[in-house]
Number of protein chains: 2
Amino acid sequence: MNSLAEENYLKALFTLSNDKGEVNVNELSKRLEIKMPTVTSMMKKLSAKNLVHYESYKPLRLTEKGKMEAAAILRKHRLTEMFLVEKMGFGWEEVHVIAEQVEHIQSPEFFEKMDELLGFPKLDPHGSPIPDKSGNIVWKEFSKLSECKAGDIIKLSAVSNTSSEFLKFLNSRELSLGIKVKIKSVEPFDKSMVVSYGKRTSETLSLTVCEKLLVEKV
Amino acid sequence: MNSLAEENYLKALFTLSNDKGEVNVNELSKRLEIKMPTVTSMMKKLSAKNLVHYESYKPLRLTEKGKMEAAAILRKHRLTEMFLVEKMGFGWEEVHVIAEQVEHIQSPEFFEKMDELLGFPKLDPHGSPIPDKSGNIVWKEFSKLSECKAGDIIKLSAVSNTSSEFLKFLNSRELSLGIKVKIKSVEPFDKSMVVSYGKRTSETLSLTVCEKLLVEKV
DNA sequence: ATACAAAGTTAGATTAGACTAACAAATTTA
DNA sequence: TAAATTTGTTAGTCTAATCTAACTTTGTAT
């Protein structure tokens, strides 16, 4: 069995690898807010447990076993987020911090039950895919809103940041997953966008925001 | 904030004090399956945090602050058990081990939500009282089945042991909370009881079992 | 009342997971 | 390519929570 600390390293390594392919010690250190020497020593430990391929000065890679275990944790995290929103009435901006704790619970039955009660969801409340029991993840092809152009009509499908600050901002603008958004214009100077959706016919979104909104063409 | 280990000591001390009034190091050590010197040193630490009154060679007592914090953990444990049974479809024999983990989650909102969804229950699935938000516990007056006599008709109201082995045994005999039971006879030799309830007109229950069944006269 | 057993404490070791300081390797820049 | 910067490792320290061994105090029983 892996410790809580080990689980956090595995999950961080897994999510960073998915964004970036390779991960180095420095990046992992920053993500976890743990100093590099500590990360190095944990990598040696996880390497001894066959969860990480570790060689001095080389980028870090999860082993197949490491990927499976990391995916299992991510699965628990995302099922929990979905359960909190769908079955307990939490807002999508509240669930991340709670799920960070619940994901470490050791009880396959607990998460099985969530999965069943939710009807075996494929996505979490932020539009991220929930790994299946074998650790497979079905990635949907999303683009960043920031990469779209004036005139495009798109559907808001996922967010790439789940901080409560960002999600509260989206709430305040009535931006939620599934809504259709039309890009009215793109400001060349700062890449901010003027968009229209629902009852809001002219909202301005900064580049910082647009980069975190994942969309599908419609 | 208290660590996971500290929380476990507080909860154990609290539940032992409720049964017995006073608790000594040896009892706490046995309950937690942690050696006495470790318990002693933790008591000093909790004493420094004003959670326990500790003096060498004297029995252990929680401070008011310690009682509050312990009751809060017990509240989270029992709300969780109730939620698992009522909202997630678990059997009463499955929930204790899961709740042992969930009780440590730091999120008042999470347990508030459970409480609301459950309609502010007063008892958990084993008939134990759920402490209120101020840490008060309303104890109902139960007797042990083993202290009843032939001819008594009683209602099964709680169990004083929540191990899955015991609860599975009760399941196998169709014994659940709320049922009416008639005591047909008590065997003088071993204090076993022959009882009748539901469709079962002649079940024998050992003293060991009868001592763990808490009942109300009807 | 003394001796024995049980309970409790002290001292010191161990492990996991974090840190800082100092050094080494790799990469970037002038 | 040499110097400077960034990245990574080694060595050693610290804290929390556990343990064992040895000793002390308290309570019990002859």
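Values in this document were obtained by computation on a predicted structure and should not be read as measured data. Residue numbers begin at 1 in each chain, while the letters A, B, ... track the order of the sequences.
For the pair A:N2 CG and C:dA16 C1', the interatomic distance rounds to 14 Å; values are reported in whole Å. Rounding to whole angstrom units, CD1 of residue A:I34 and P of C:dT20 are separated by 12 Å. In this structure, NZ of B:K35 is placed 11 Å from P of D:dA21, rounded to the nearest angstrom. C:dA25 atom C1' lies 14 Å from atom CG of A:N26, rounded to whole Å. Atom NZ of B:K58 and atom P of D:dG27 are 10 Å apart (whole Å). Distance, B:L28 CG to C:dA7 C1': 13 Å, rounded to whole Å. Rounded to whole Å, atom P of C:dC19 lies 10 Å from atom CD of A:E33. A:E27 has its CD atom 13 Å from the C1' atom of D:dG8, to the nearest Å.
Residue pairs meeting the salt bridge (Lys or Arg N to Asp or Glu O under 4.0 Å) criterion with at least one member in residues 114-134 of chain A, sequence neighbours excluded: A:R75-A:D115, A:R78-A:D124, A:E112-A:K133. Sequence neighbours left out, the pairs with a member in residues 3-12 of chain B that pass salt bridge (Lys or Arg N to Asp or Glu O under 4.0 Å) are B:E6-B:K45, B:E6-B:K49, B:K11-B:E100, B:K11-B:E103.
The nucleotide whose nearest atom lies closest to any side-chain atom of B:Y57 is, among D:dT7, C:dG8, C:dT20, C:dG8.
Using a 4.0 Å cutoff on non-hydrogen atoms, the parts of residues 9-17 of chain A near DNA chain C are A:Y9, ordered by number.
Surrounding CD of A:Q106 are more than 12 heavy atoms belonging to other residues, nucleotides or ligands, all under 6.0 Å away. No more than 12 heavy atoms of other residues, nucleotides or ligands sit less than 6.0 Å from atom CZ of B:R61. For NZ of A:K65, the number of neighbouring non-hydrogen atoms (other residues, nucleotides, ligands) closer than 6.0 Å is greater than 12.
Exactly one residue among B:L207, B:V186, B:V209, B:L213 makes a side chain to side chain contact (heavy atoms under 4.5 Å, CB included) with B:M193. That residue is B:V186.
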In residues 164-171 of chain A, what donor-acceptor pairs under 3.5 Å come from side-chain atoms, sequence neighbours left out?
residue : atom : partner : partner atom : Å
A:N171  : OD1  : A:W92   : NE1          : 2.8
A:N171  : ND2  : A:E93   : OE1          : 3.3

Measure all distances between protein nitrogen or oxygen atoms and nitrogen or oxygen atoms of nucleotides 10-12 of chain C, and list the pairs falling under 3.5 Å.
residue : atom : partner : partner atom : Å
C:dT10  : OP2  : B:K44   : NZ           : 2.3

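A:S160 pairs by the side-chain contact (heavy atoms from CB on, under 4.5 Å) definition with A:K212, A:L214, not counting sequence neighbours.
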TODO: Under the side-chain hydrogen bond (donor to acceptor under 3.5 Å, both in side chains) rule, what do A:S157 and A:E216 come out as? Steps first, then yes or no, please.
DONE: CA-CA 6 Å; A:S157 299; A:E216 288 169 281; 2.5 Å; yes
